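To start, the structure itself, in structure tokens.
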Amino acid sequence: MSNGTGHTPSSLLAYLPSIYQEEAGSFLGQFLRAFEAILIAPEDGSGASIKSLEATIAGIATLFDPRNTPEEFLQWLAGWTAFSLRADLNLDQQRDFISKIIQLYSWRGTKRSLQDLLSIFTKGKPEITESATDDCQLGVNSTIGEGMWLGGGPAHFFQVRIFLPDMDAKLIARQMEIASALIEMEKPAHTFYELVLEHPTMQIGIKSTIGVDTLLGNVALPETNQKP
């Protein structure tokens with residue numbers, strides 16, 4: 001039973017009673033080489049056609065690292081964090097999200113958490129602005145006759161603006177859907193918001209022609225979640 005490594009008996013013989021070790025070149029010594037190849041990494045530098053169980057166990061920590069775990073383990077790893085991966089996420093987004101999910105859970109309901117989620121799941125750059133409660137502070141952010149006004153923004157309101165790259169209307173609508181779902185999932189129940197997607201509307205020579213269909217400025221697509 002030669003497998004290209006000569007007739008060297010299996011090292012597993014050393015773990016058997018002495019009666020089985022008397023003839024080192026016996027059939028048993030060669031027979032055990034098949035099990036040795038599966039269970040133990042080869043010590044002779046010959047390599048193996050399959051990864052041994054010993055090597056697999058030694059590298060098991062890799063399975064718990066979302067950056068390095070094999071793709072087929074990502075769903076399993078996400079399940080450990082009580083999360084199901086979206087089908088429309090690419091591989092890099094899946095790895096990025098799983099690596100941050102525990103930390104994001106601890107920030108849930110905060111501006112930081114929402115901004116990070118929007119950065120991961122959308123293709124644009126998010127910007128979140130909360131209603132100011134200190135609109136009027138003399139000498140700090142207001143000056144009489146210049147930058148002072150009475151009142152301020154509505155309570156418990158915030159605006160989300162996402163600056164998207166150039167894409168077609170179908171993808172823009174999909175980005176709106178994803179962003180809305182994330183905001184509804186993350187925002188505190190007593191708050192309401194406005195979602196605005198901004199994208200290029202003029203690229204001279206590409207999608208606009210001066211004097212024909214040129215429009216200066218951006219066209220925003222607003223969606224407001226009104227407070228009940």
Side-chain angles (χ1 to χ4, degrees), residues 65-69 71 74-75 77-78 81-133 135 152-210 212-228:
D65 181 357
R67 300 292 186 186
N68 298 303
T69 192
E71 182 177 354
L74 282 174
Q75 285 286 358
L77 197 56
T81 61
F83 184 79
S84 297
L85 291 171
R86 296 175 61 100
D88 56 356
L89 291 177
N90 62 42
L91 185 58
D92 288 338
Q93 286 176 314
Q94 292 178 22
R95 293 187 186 280
D96 192 30
F97 182 67
I98 295 175
S99 68
K100 296 178 179 179
I101 188 170
I102 300 300
Q103 194 171 39
L104 286 173
Y105 278 157
S106 67
W107 296 336
R108 191 165 187 179
T110 67
K111 176 180 176 180
R112 179 175 182 175
S113 175
L114 180 56
Q115 187 137 0
D116 280 356
L117 284 173
L118 290 171
S119 297
I120 294 171
F121 286 99
T122 66
K123 299 182 183 297
K125 180 181 178 182
E127 180 181 280
I128 301 173
T129 306
E130 299 176 276
S131 287
T133 58
D135 291 329
H156 314 304
F157 172 81
F158 63 96
Q159 183 188 69
V160 179
R161 303 177 76 87
I162 302 179
F163 303 91
L164 297 172
D166 185 30
M167 57 180 61
D168 61 35
K170 185 176 181 180
L171 287 176
I172 290 174
R174 180 60 179 157
Q175 292 292 292
M176 176 72 81
E177 179 184 338
I178 292 172
S180 297
L182 288 172
I183 296 171
E184 289 291 344
M185 179 180 71
E186 283 293 304
K187 77 178 188 69
H190 66 284
T191 62
F192 64 113
Y193 66 92
E194 178 186 34
L195 172 61
V196 179
L197 300 187
E198 293 192 351
H199 58 96
T201 58
M202 184 183 75
Q203 290 180 287
I204 295 176
I206 298 177
K207 58 188 296 183
S208 297
T209 305
I210 294 177
V212 179
D213 58 358
T214 299
L215 176 66
L216 296 179
N218 286 334
V219 176
L221 303 178
E223 177 180 296
T224 303
N225 169 248
Q226 297 295 338
K227 185 176 181 180

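Keep in mind that what you see is a predicted model, and the values were worked out from it rather than measured.
Taking all atoms of both residues into account, the shortest heavy-atom contact from L164 to L197 is CD1-CD1, 4.0 Å.
Annotation: the span from T129 atom OG1 to Y193 atom OH amounts to 15.5 Å, rounded to 0.5 Å. Separation of atoms CD1 (I162) and CG (L195) is listed at 5.5 Å; rounding is to 0.5 Å.
A heavy-atom distance below 4.5 Å is not found between the side chains of D65 and L77. Side-chain atoms of K187 and F192, non-hydrogen and from C-beta on, never get closer than 4.5 Å to each other.
Taking D168 as the reference, K170, L171 meet the side-chain contact (heavy atoms from CB on, under 4.5 Å) condition, with sequence neighbours excluded. Shown here are the salt bridge (charged side-chain N to carboxylate O under 4.0 Å, His left out) partners of R108, two or more places apart in sequence or in another chain: E186. In terms of the side chain to side chain donor-acceptor pair (under 3.5 Å) criterion, residue partners of S99 (sequence neighbours excluded) are, by chain and number, R67. Partners of K111 according to the salt bridge (charged side-chain N to carboxylate O under 4.0 Å, His left out) rule, which considers only residues two or more places apart in sequence or in another chain, do not exist here. Here P165 pairs with M167 under the side-chain contact (heavy atoms from CB on, under 4.5 Å) rule; sequence neighbours left out. Contacts of D116 classified as side-chain contact (heavy atoms from CB on, under 4.5 Å), with partners at least two apart in sequence or in another chain: L104, W107, R112.
Panel note: side chain S106, backbone Q103; a donor-acceptor pair is recorded below 3.5 Å. Looking at R95, its side chain never comes within 3.5 Å of a backbone N or O of L74 through a donor-acceptor pair. T191 places a side-chain N or O within 3.5 Å of a backbone atom of P188 that can act as its donor or acceptor partner.
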For residues 121-128, dump all side-chain donor-acceptor pairs below 3.5 Å to protein atoms at least two apart in sequence or in another chain.
residue: T122; atom: OG1; partner: L118; partner atom: O; Å: 2.4

For this session: Give the intermediate values and the outcome of side-chain contact (heavy atoms from CB on, under 4.5 Å) for residues I120 and K100.
Result: CA-CA 10 Å; I120 294 171; K100 296 178 179 179; 4.0 Å; yes
